[in-house]
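A short write-up of the structure that comes next.
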Amino acid sequence: MRYDFKAIEEKWQKKWAENNSFKISEDTSKPKYYALEMFPYPSGNLHMGHVRNYSIGDVVARYKTMRGYNVLHPMGWDSFGLPAENAAIKNGTPPAEWTWKNIDNMREQLKRLGFSYDWDREVATAKPDYYKFTQWMFLQLYKNGLAYKKKSYVNWCPSCQTVLANEQVVNGKCDRCKSEVGKKDLEQWFFKITDYAQKLLDDISTLDGWPEKVKSMQTNWIGRSEGAEIKFKIDGTDKELTVYTTRPDTIFGVSYMVIAPEHPLVKELIAGRPEEKKCLEFIERVQKQSEIVRSATDTEKEGEFTGVYMVNPLNNEKIPLYLANYVFLDYGTGIVMGVPAHDQRDFDFAKKYNLPIRIVIQPKDSNLKSEELTEAFAAEGIMENSGQFDGLNNKEALKKIIDYVEEKGIGNRKVNFRLRDWLISRQRYWGAPIPIVYCEKCGTVEIPESELPVKLPENVKFTGQGKSPLSECEEFVNTTCPKCGGPAKRETDTMDTFVCSSWYYLRYCDPKNDKMPFSKESTDYWMNVDQYIGGVEHAILHLLYARFFTKVLNDLGYVSCSEPFKNLLTQGMVLKDGTKMSKSLGNVVSPEEIISKYGADTARLFILFAAPPERDLEWSDTAVEGSYRFINRVWRAVIELKDCITDEKIDKTSLTDGEKKLRFAVNASIKKVTEDFERFSFNTAISSIMEMVNALYQYKDNTPKESYNNAVISEAVTTLVKLLSPFIPHVTQELWEILGMDTDLLHETWCEYDEAALVVSEIEIVVQVNGKIKDKIMISPDLSQDEMKEQAMSNAKVKEAIDGKQVVKCIAIPKKLVNIVVK
RNA sequence: GCGGGUGUGGCGGAAUUGGCAGACGCGCCAGACUUAGGAUCUGGUGUCAAUGACGUGGGAGUUCAAGUCUCUUCACCCGCACCA
C-alpha cells in the first residue's frame, strides 16, 4: 500500500492557504523568533539549492513554532537585475512582465513544497512600493555624506555594458556573465562603506553564531593593516611624495622607490625628461595588460626608471624613482619604497634592474651577506646599518622609527584598509533609479522624500546596444528641478541590486508601511534575525553590505540593532556526480520532477537526511527512493494502529518488557530529536525517528493484537507524527486527522520526554583487559565503581585473560566500562 | 603565499563530554510471503591468512583508554591573493 501524496499535499496546501495558517503578527506574550532564508532571484524556476535552503529554514521555523515561539518566516523576491533585461532584448518581453511571470511560477513551486511562509509579508524589490524605500535609503546615505559621486577608474563589463563593484569582479571576470572586465574612467556613485571599515571589522568578533569561514573571509576582505605614511623629498625640489609602508623598520634598506604608472603625478614628474618617451610607452603597455595578468602573483615585475631621484629622509641617500606594474594606485598612496633585502617582490625587482640590496635586519642566529642573498629575509631580527636604531629588535625599532618620523614631521602612523567604497551605480534599466536630478542652476539635487518613488518608465526600447535604455527615454530624463522648478535632467543610472537586498529583512517586519520603510516598533520587536540561512557565495557581497546598512540605520536612529543576523548557517551545495548541478553538464535534477514522482514531503525529507546542512550534498536517486519508502513505512504503521488511539494514561506500574522497550525508544527519540534540532543536526534527528519506527514495528509485529497496550501505542504513534511534522508536514497532518485530531499540527506543542521511560533496570557495559574488549556484561546502572570492578573480575573471560598476571590498575566508568590493567 | 575547512566501510553519513568505531539510510547477499516482484517483512553485510588480529589519510606522542587531545606530515576542497 502506497500513500497518495498528490491528493494529500494538494489538500493541505489548499487548507493552509484558506485558513491563513502561517499568518503571523506581533505578540508580546510569546518570545519571538525570526527565521530567514536568503530570498531568491526570480529566474523562473526553483533549483535544488533553493529546495535545500528553504527546507532547512522551514524545518527550523516549524520546530520553533511548536516550541512556543512567535515565528516570523517570510519570503520575497530579489527581483531587479540583468537577466530580466537580457530576456527583454532576446524575446521583446518587458522586464517587468518577465519578472512577475517568473515570480508567479516560483511562488507556486514554493507553495507546492509546503513551506510555512506568511505570504502576506511577501516583498519584491522591483515593485515601486519597495524601491521607493530603496531610494529613501539612498537619500539617507546621501544626506549624511555616505553617498557621493566621483570620477574614478572603475571596472567595466563590456558585455553587460555597465560598471561593476570590486566585489562583483571575480578573477578579472564579470560575476554575472563571465566576460573579461576592463577599466574605464567614469563618473559614478559610491557608498562610503570605508567609513565603517573599522566598525565592520570590530563587530565580526561579536558574531558568535557565524561560521569561522565567513568571518575570516570578511576580515580578509576588509583587510586592515597598520603602518606609516612617510614623506620623501624629490631631489633638487621642495616637492614631496608620500609612501605607505607596514615596515618602517626597513627604511634604511630602501634602495629605490616605485610609483603606480596611472598615478596622476606621473605625467608631471616625467615631463621634459630624457626618460619621458620610454616611460609613456611603458604606461601604455601596462594599461593594456588585463586585470587578470596585472594582478597575478606570478606576473613578472616590470618597471621603468623615471629619471627622478628621491631623498631618504632618514639617511639622506639619493634613490631612483621607478614606474612599475606591481604597484596599485588605489591602495595606500600608490607609491611604495623598495627594500630588496626584506621584501620578496622588491628583491625580484632589484635583481632584474640591478638595484642595490642592503641588509638592515639580521636573523638572530646567522649572518647574512647581501651578495649571497637568494631571497628576501622577511622574519624577525636585529637591526643593523640603521644609524641610531642598530642593535634593536626590529619590532621595537619599528615603533621607534615611527615615533622619530612623527617627531620630525616627516610622517605619521596610518591604518589602511583593502576595502574600497561600494560602487553602486549601474548603467542599466531594470534597477531602482537613483533619486537625483542635475539642474543647470542648482547642480546636483536630491528628490524630496515626499516625491518618491522615482518610477521606472515602462515604455522603453531594448536594443542591447550602446547606452542604457533609461538614458534614451526622453520623458524620464527631462524633468524639473525640485529646488528651483527650472529644467533639469534625471540621473539615469540605477542602483546595484545589492542595495535592494541590503535591507529587505527589515521590510519584512513591516511590509505594508507606505510612509516609512519600516516602523521602529516593528524592528524593535522582530530584529535581529535569529537564524539566517543561505549559500556561502554571499559571504562577502550581500552579508557585508547588509551589515553596513544596519550599522548606518542604527547610527541614524532608525533601528536599535547594529548587526542584522545573529546566527548564520551557510548551507552546502547540492551536487550530482560529484560536481555542481549545471545545465551545461546536463546533471540537473529538477525539483518539479521529484515532487511529481515522490511528492514534496519525500523531497524535503531526503534533502535533510542525506547530509548535515553545512556540508555539500550528493544527489542520489536511490536514496530518494529510500526516503519515500520510509514515509510509506510510517504511513502503514499509523494506519494499522489508528484504532488503538486512546486518551487513557499509561499505567507505568504494569508494563511488559516489550512495552518498556517501545517506551524507551519513543522517549529516547524525543530527547534526541529535540537536542538535534537545537544544533541543526537534522540528519541524525531523522535517523533517530527511523530507529523509533523500527522499534514500533518490533512491538506491533511481536505482540498479539489482543495484547496491545493502547496507551503505549498512542504515545508512540502521536509522538511519531509530531516529531516528523516539521520535516514532512503534509503527510503528518493527514495522519493526524486520520488519528481523529482536528488541530493544526504546526500549533501543537512539541513533545516532552518522560524521564522515567529512559530508566532501565539493566545496562550493558564493556569489560576490557589492557584496553581490549573481553566481554560485555549486564549490570544495574547504579552499581558503585567497586561493585562494577567486582563484577568484572568475576567474569569468566576476564579471569582467563588475567590468569597468572598481576593486576596493576582497575578503572571503572559508571554506565560505560571497566578496564583492568595487567602486567 | 595567507586564511578557512575536509579526510571514517562499496556509498551518504553517525560517534555532542577522551570510554563498545561504523548509529541511521543507500547498495549488496540470503530467507519469508507470492502466479509474479523494481511491493512488503525478517536476517546478514568494515578488512584479513578469521577461536584471533587489524582498522578512522600517514608518522610520532600523551593516556588505563584517542576518530576525538598534542606535535608532525600528506592529500583534497573553498576563499583571498604582487595590498607594500
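All values reported here derive from a predicted model rather than from experimental measurement. To find a chain, count down the sequence lines: A is the first, B the second, and so on, and within it residues start at 1.
One finds no side-chain N or O of A:Lys671 lying less than 4.0 angstrom from the OP1 or OP2 phosphate oxygen of B:U16. A:Arg633 has a side-chain polar atom (N or O) that falls below the 4.0 Å cut-off from OP1 or OP2 of B:C41. Contact between the side-chain N/O atoms of A:Tyr331 and the OP1/OP2 oxygens of B:A84 is found at a separation under 4.0 Å. Close to B:C26, at under 4.0 Å from its OP1 or OP2, lies a side-chain N or O of A:Arg629. An OP1 or OP2 oxygen of B:G25 is reached within less than 4.0 angstrom by a side-chain nitrogen or oxygen of A:Asn694.
Counting to the nearest Å, the C1' atom of B:A84 and the CZ atom of A:Arg224 are 17 Å from each other.
In this structure, a donor-acceptor pair under 3.5 Å is absent between the side chains of A:Tyr753 and A:Thr674.
Considering only side-chain atoms of A:Lys816, the nucleotide from B:A14, B:G19, B:C20 that sits closest is B:G19. Comparing B:A39, B:A21, B:G43 by their nearest atom to the side chain of A:Arg2 picks out B:A39. With B:G25, B:U40, B:C82 as the candidates, the nucleotide lying closest to the side chain of A:Met690 is B:G25. For A:Asn683, the side-chain atoms get nearest to B:G13 when compared with the rest of B:G13, B:A84, B:G27. Here the nucleotide nearest the side chain of A:Met217, chosen from B:G7, B:A39, B:G79, is B:G79. Candidate nucleotides B:U42, B:C20, B:A81 were compared by shortest atom distance to the side chain of A:Arg418, and B:A81 ranks first. In this structure, the nucleotide among B:C24, B:G19, B:G13 sitting nearest to the side chain of A:Arg615 is B:G13. If you check B:C82, B:A84, B:C20 against the side chain of A:Val766, the one that comes closest is B:C20. Picking from B:A14, B:G4, B:G25 the nucleotide with the shortest atom distance to the side chain of A:Phe609 gives B:G25. With distances taken from any side-chain atom of A:Glu212 to the nucleotides B:G4, B:A84, B:A39, the minimum falls on B:G4.
Here A:Lys672 lies in heavy-atom contact (under 4.0 Å) with a base. Among the atoms of the strands shown, base atoms are found under 4.0 Å from some heavy atom of A:Lys301. If you check every strand for non-hydrogen atoms under 4.0 Å, A:Phe630 touches nothing. At a threshold of 4.0 angstrom between heavy atoms, the contacts of A:Gln344 with the nucleic acid are absent. Residue contacts shown for A:Val327 include a base, since a base heavy atom lies under 4.0 Å away. Among the protein residues, A:Asp616 comes within range of the sugar-phosphate backbone only, with heavy atoms under 4.0 Å from sugar or phosphate atoms but none that close to a base. When heavy atoms are screened at a 4.0 angstrom cut-off, A:Ile811 is found touching base atoms of the nucleic acid. When heavy atoms are screened at a 4.0 angstrom cut-off, A:Pro211 is found touching no nucleic acid atom at all.
For A:Asn220 against B:C80, no side-chain N or O and base N or O form a donor-acceptor pair under 3.5 Å. Checked by distance alone, A:Lys213 brings no side-chain donor or acceptor within 3.5 Å of a matching partner on the base of B:U6. Side-chain N/O atoms of A:Lys776 and base N/O atoms of B:C20 include a donor-acceptor pair closer than 3.5 Å.
Using atom P as the reference point in both B:A14 and B:G59, the two lie 25 Å apart (nearest Å). Nucleotides B:G67 and B:G55, compared at atom C1', are 11 Å apart to the nearest Å. Taking the P atoms as reference points, B:U8 lies 11 Å from B:U56, given to the whole Å. Nucleotides B:U68 and B:U16 are separated by 11 Å at their C1' atoms, to the nearest Å. Comparing the same atom, P, in B:A15 and in B:C20 gives a spacing of 13 Å after rounding to whole Å.
Partner of A:Phe606 under the ring-ring contact (aromatic ring centres under 6.0 Å, His included) criterion, out of A:Phe727, A:Trp619, A:Phe682: A:Trp619 alone.
Remark: B:G31 base-pairs with B:C41. Criterion, Watson-Crick or G-U wobble with two distances under 3.5 Å. B:C48 and B:G52 make up a base pair, with Watson-Crick or G-U wobble contacts both under 3.5 Å.
Residue-to-nucleotide proximity on RNA chain B shows that, of A:Val821 and A:Ser687, the 5′-proximal contact is made by A:Ser687. Each of A:Thr333 and A:Ala610 lies near RNA chain B, and the nucleotide nearest A:Ala610 is the one positioned closer to the 5' end.
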**OP:** Would you check, one step at a time, whether the test salt bridge (charged side-chain N to carboxylate O under 4.0 Å, His left out) holds for A:Glu226 with A:Arg224?
**Re:** CA-CA 7 Å; A:Glu226 276 179 30; A:Arg224 185 181 195 274; 2.7 Å; yes

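Within 90° of 0 lies the glycosidic angle of B:G9, which makes this nucleotide syn.
Looking at A:Glu675 and A:Arg679, no side-chain N of the basic residue comes within less than 4.0 Å of a carboxylate O on the acidic one, giving no salt bridge.
The 12-atom threshold is exceeded at NZ of A:Lys352, counting heavy atoms of other residues, nucleotides or ligands nearer than 6.0 Å.
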